[in-house]
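The structure appears right after this line, and notes come after that.
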Amino acid sequence: MTAPKAGLVKAAAKPARTPRVAKAGAKAAAKASSKTGAKAAGAAVEEVAEATSSLREQVYNDLRYRLITGKIAPGVGISTRGLAQQMGVSQMPVRDALSRIAAEGAVDIRSKRAVMVPRMTLERFEEIMRLRTLLEPEAAMAALPYINAERLRAIRAADEATDAALGEGDVNAYMESNFRFHSLIYSAAPMPLANRMIESLWMQFGPFMRVVYGRYGTAALVDHHQAATKAIAKGDARGLAEAVLGDIGDCADLMQDWERLTQ
């Protein structure tokens, strides 16, 4: 066999060159992969942030509802650890929610371990009731054109639940169904700021009304809801406003004995 020439051996020993097109393709692929990874990482971060924000909002709304319906009693320390355990979350979103609620005046935060519903005075309650009389009839009248048949059925169901609670003397059920009734009316109006303000007011008097109702019972309460539902069915804005005012007035009358009840 003839020995290969030296030049051919040297040529064979050199590695084959990668075509320029192939190199460019590899770089583009790597760059695309890097971009895809960055996008995926960014999407993951955004997803975590959205989940965290959603959790905080859920905890915040849960605590608002507890205050509105009187499930958090006045004069009793609020345990962030206890609330976190009840909700199945860490203490951080609970603390964040309490800070937001404190800014609305519904709780006082004196230290990490001293959080409670602030003391109610007659002057403060009268101011809350005055603001309710300004906001709620207006919200109800603004909501009237937006209350369709389906929502009216839900409002009537809430009224029936309120009647049942009154009949059974169930204060907790009354607090929940009463708020649901009013909320279903007001929230129909495209007035998110007004609705948020109304809820903030309810959040401040809810714990105290729960105490008052607990002392008096529900037998003395007058149900203005039926007048409100009839006004809604007729499209009577003024009648609806008067029913709401009557409901607020009864609440204010009961509160006149707050100082005596808490002595």
Side-chain angles (χ1 to χ4, degrees), residues 61-79 82-83 98 101-102 104-108 115-137 139-140 158-186 195-228 241-263:
N61 288 327
D62 189 337
L63 288 178
R64 283 175 66 92
Y65 184 75
R66 289 174 186 235
L67 286 160
I68 287 169
T69 56
K71 290 182 173 62
I72 297 177
V76 178
I78 300 171
S79 168
L83 287 172
L98 287 171
I101 290 170
E104 296 178 71
V107 297
D108 276 343
V115 182
M116 64 178 58
V117 174
R119 180 176 176 273
M120 179 63 75
T121 63
L122 188 57
E123 292 76 19
R124 180 174 171 233
F125 192 81
E126 285 177 346
E127 183 179 4
I128 290 171
M129 290 298 109
R130 193 176 301 119
L131 290 170
R132 285 190 64 196
T133 60
L134 291 171
L135 287 171
E136 293 183 38
D159 180 33
E160 290 172 4
T162 302
D163 288 340
L166 287 171
E168 296 167 7
D170 189 336
V171 178
N172 290 326
Y174 174 80
M175 293 289 291
E176 291 180 358
S177 60
N178 183 51
F179 172 65
R180 185 163 63 252
F181 178 87
H182 285 266
S183 180
L184 281 167
I185 295 173
Y186 307 152
N195 274 288
R196 209 61 173 170
M197 291 171 70
I198 290 169
E199 285 189 4
S200 291
L201 293 171
W202 278 64
M203 190 165 54
Q204 294 184 61
F205 78 81
F208 301 95
M209 291 315 301
R210 173 63 182 81
V211 172
V212 171
Y213 293 152
R215 299 284 180 88
Y216 275 113
T218 56
L221 298 178
V222 178
D223 184 11
H224 292 274
H225 293 182
Q226 192 172 23
E242 288 175 357
V244 169
L245 281 172
D247 205 51
I248 296 170
D250 284 351
C251 177
D253 289 343
L254 282 174
M255 197 61 192
Q256 296 300 316
D257 282 339
W258 172 254
E259 294 286 353
R260 181 180 61 80
L261 286 170
T262 54
Q263 286 178 355

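For Glu127, there are no side chain to side chain donor-acceptor pair (under 3.5 Å) partners two or more places apart in sequence or in a different chain. For Arg64, the salt bridge (Lys or Arg N to Asp or Glu O under 4.0 Å) criterion is met by Glu104, Glu199, not counting sequence neighbours.
Asn178 contributes no side-chain N or O that, together with a main-chain N or O of Thr162, makes up a donor-acceptor pair within less than 3.5 Å. Although no hydrogens or angles enter the test, the distance criterion places no donor-acceptor pair under 3.5 Å between the side chain of Ser183 and the main chain of Phe179.
Nearest heavy atom pair, residue Ile78 against residue Met116, reads CD1-CA, 3.9 Å. When all heavy atoms of His224 and Ala243 are compared, the pair lying nearest together is CB-O, 3.6 Å. Contact between Pro74 and Phe208 at its shortest, heavy atoms only, is CB-CE2, 3.5 Å.
Looking at heavy atoms from C-beta onward, Leu83 lies in side-chain contact with Arg66 at the 4.5 angstrom threshold. Counting heavy atoms from C-beta on, the side chains of His182 and Ile198 never come closer than 4.5 Å.
For the side chain to side chain contact (heavy atoms under 4.5 Å, CB included) test with Ile248, the passing option among Thr133, Ile128, Leu135 is Thr133; the others fail.
Taking the six-membered ring for Trp and thresholds of 30 and 60 degrees, Phe125 and Phe205 have ring planes more than 60 degrees apart, a perpendicular arrangement.
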task: Assess whether side chain to side chain contact (heavy atoms under 4.5 Å, CB included) is satisfied between Trp202 and Arg132, documenting all intermediate values.
output: CA-CA 9 Å; Trp202 278 64; Arg132 285 190 64 196; 3.5 Å; yes
